[in-house]
Amino acid sequence: MCLVDEKMFPTQSSSSCFFLRIFFVVSVVSEGIGNGLANGWFDAHATFYGANKSLSTLGGACGYDNTVHAGFGVNTAAVSGALFRQGESCGACYLVMCNYRLDPKWCLRRAAVTITATNFCPPNNNGGWCDPPRQHFDMSMPAFLHIARQGNEGIVPVLYKKTSCKRRGGVHFTLKGQSNFNMIMLSNVGGSGDVRAAWIKGSRTKTWVAMHRNWGANWQSSVDLRSQNLSFKLTLVDGKTLEFYNVVPSTWQFGQTFASDNQFS
């Protein structure tokens, strides 16, 4: 049975199906998808951050102090509200390619880049590209130039899909707050990259304590966990859950960052 499109190819043999799938994938990468809904790809547009901005500090609305230190490098983007989802998409990875079929003048053919969502592109409520319900990526210039020619175009049509985040090392936990107000910034998260729920537990705490999203990638609790080893449990948007035991030693101080040994795949 051929699963490329049974209505179009109802009687194809298995060998024919193999070549049809290959043809379909190549067609997507080389020419773009007209309706933006095939095989998980969606239509959007992309612009780029000004060249005079520091690429390492584009953490913005997600709260990453430094996107390079956070493990994301410089291939990052601010995303419109339709993608930002009130901060839930912080850390998510997207495979983005310029839609060469719609804009062959400025799009690089067969070029794609994986970016991490690290910021929010605010609407101007006057027909702007980041106004709802538009899906838009305001990319760092290095990321943008992976898929488009350098010039005066400024905005290009793109195709995008969610993709797995490939991170080096473990998840990063940065300790913020004061006294019994704990705020944890989560970064370098693998897998889908976007965290849906988080819990914390001290070495003298018997149960997991649910944390609440303060803003972006920052999660908070109001339990006094000073002088305790800290463990964490995270659930991603795709449903995967991991526990990170004794990541933080009892001698921790606010402002420090610790990395786990395990990571989402």
Side-chain angles (χ1 to χ4, degrees), residues 2-6 8 17-18 20-49 62 67 71-104 106-121 129-130 132-140 142-148 155-167 188-196 217 235-240 263-265:
C2 181
L3 298 181
V4 174
D5 190 325
E6 293 179 358
M8 293 176 62
C17 288
F18 173 78
L20 280 170
R21 291 191 186 101
I22 295 298
F23 174 79
F24 179 76
V25 172
V26 171
S27 296
V28 167
V29 174
S30 63
E31 300 298 343
I33 304 170
N35 61 19
L37 296 176
N39 204 31
W41 292 90
F42 297 92
D43 288 311
H45 283 84
T47 48
F48 60 87
Y49 279 112
C62 288
T67 61
F72 305 138
V74 297
N75 289 335
T76 60
V79 296
S80 61
L83 295 169
F84 192 67
R85 305 192 310 274
Q86 297 182 324
E88 187 179 67
S89 69
C90 291
C93 292
Y94 298 89
L95 182 62
V96 180
M97 62 179 171
C98 208
N99 195 332
Y100 183 86
R101 186 182 65 84
L102 296 183
D103 194 347
W106 294 105
C107 289
L108 295 176
R109 195 168 185 174
R110 299 188 179 95
V113 63
T114 298
I115 58 94
T116 300
T118 61
N119 204 348
F120 173 54
C121 182
W129 287 107
C130 289
R134 287 177 169 170
Q135 301 178 70
H136 188 83
F137 296 88
D138 195 18
M139 304 166 68
S140 68
F144 186 83
L145 293 181
H146 273 291
I147 63 171
I155 184 164
V156 293
V158 298
L159 298 161
Y160 78 92
K161 66 188 301 185
K162 285 287 296 293
T163 190
S164 181
C165 301
K166 308 299 182 184
R167 307 299 189 200
N188 202 52
V189 181
S192 69
D194 38 8
V195 179
R196 172 154 290 171
T235 295
L236 304 184
V237 168
D238 65 5
K240 293 181 180 179
Q263 176 64 278
F264 289 96
S265 58

**Q** Report the residues that fulfil side-chain contact (heavy atoms from CB on, under 4.5 Å) with Leu108, sequence neighbours left out, ordered by chain and then residue number.
**A**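 Leu108 satisfies side-chain contact (heavy atoms from CB on, under 4.5 Å) with Ala111, Arg149 once adjacent residues are dropped.
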**Q** List the residues meeting ring-ring contact (aromatic ring centres under 6.0 Å, His included) with His146, not counting sequence neighbours, and say none if there are none.
**A**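 Applying ring-ring contact (aromatic ring centres under 6.0 Å, His included) to His146 gives none.
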**Q** If the condition is side-chain contact (heavy atoms from CB on, under 4.5 Å), which residues does Glu88 pass it with, not counting sequence neighbours?
**A**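 Result, side-chain contact (heavy atoms from CB on, under 4.5 Å) vs Glu88: Arg85, Arg196, Arg213, Val237.
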**Q** Taking only residues two or more places apart in sequence or in another chain, which ones pass side chain to side chain donor-acceptor pair (under 3.5 Å) with Ser164?
**A**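 Per chain and number, Ser164 pairs via side chain to side chain donor-acceptor pair (under 3.5 Å) with no residue.
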**Q** List for me each residue that meets side chain to side chain donor-acceptor pair (under 3.5 Å) alongside Arg134, sequence neighbours excluded, and say none if there are none.
**A**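 Applying side chain to side chain donor-acceptor pair (under 3.5 Å) to Arg134 gives none.
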**Q** Show, in sequence, the C-alpha distance, side-chain angles and deciding distance for Phe84 and Cys121, and conclude whether the side-chain contact (heavy atoms from CB on, under 4.5 Å) test is met.
**A** CA-CA 8 Å; Phe84 192 67; Cys121 182; over 6 Å; no
**Q** Could you tell me which residues satisfy side chain to side chain donor-acceptor pair (under 3.5 Å) with Asn188, sequence neighbours excluded, listed by chain and number?
**A**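 Not a single residue meets the side chain to side chain donor-acceptor pair (under 3.5 Å) criterion with Asn188.
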**Q** According to ring-ring contact (aromatic ring centres under 6.0 Å, His included), who are the partners of Phe144, at least two apart in sequence or on a separate chain?
**A**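 By the ring-ring contact (aromatic ring centres under 6.0 Å, His included) rule, Phe144 matches Phe48.
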**Q** Would Leu159 and Val96 satisfy side-chain contact (heavy atoms from CB on, under 4.5 Å), going step by step from the backbone distance to the final call?
**A** CA-CA 6 Å; Leu159 298 161; Val96 180; over 6 Å; no
**Q** Check side-chain contact (heavy atoms from CB on, under 4.5 Å) between Ala117 and all other residues, then give those that pass, not counting sequence neighbours.
**A**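 Residues passing side-chain contact (heavy atoms from CB on, under 4.5 Å) with Ala117: Val79, Ser89, Tyr94.
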**Q** For Thr114, give me all partners under side-chain contact (heavy atoms from CB on, under 4.5 Å), at least two apart in sequence or on another chain.
**A**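 Expected list: Cys93, Leu95, Thr163.
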**Q** Under the side-chain contact (heavy atoms from CB on, under 4.5 Å) criterion, do Leu83 and Phe137 qualify, and how do the steps go?
**A** CA-CA 9 Å; Leu83 295 169; Phe137 296 88; 3.6 Å; yes
**Q** Run the salt-bridge test on Asp194 and Lys162 with the 4.0 Å N-O cut-off and return the result as yes or no.
**A**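 A salt bridge links Asp194 with Lys162.
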**Q** Is there a donor-acceptor contact under 3.5 Å from the side chain of His136 to the main chain of His45?
**A**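 Side chain of His136 to backbone of His45, a donor-acceptor pair under 3.5 Å: yes, one is there.
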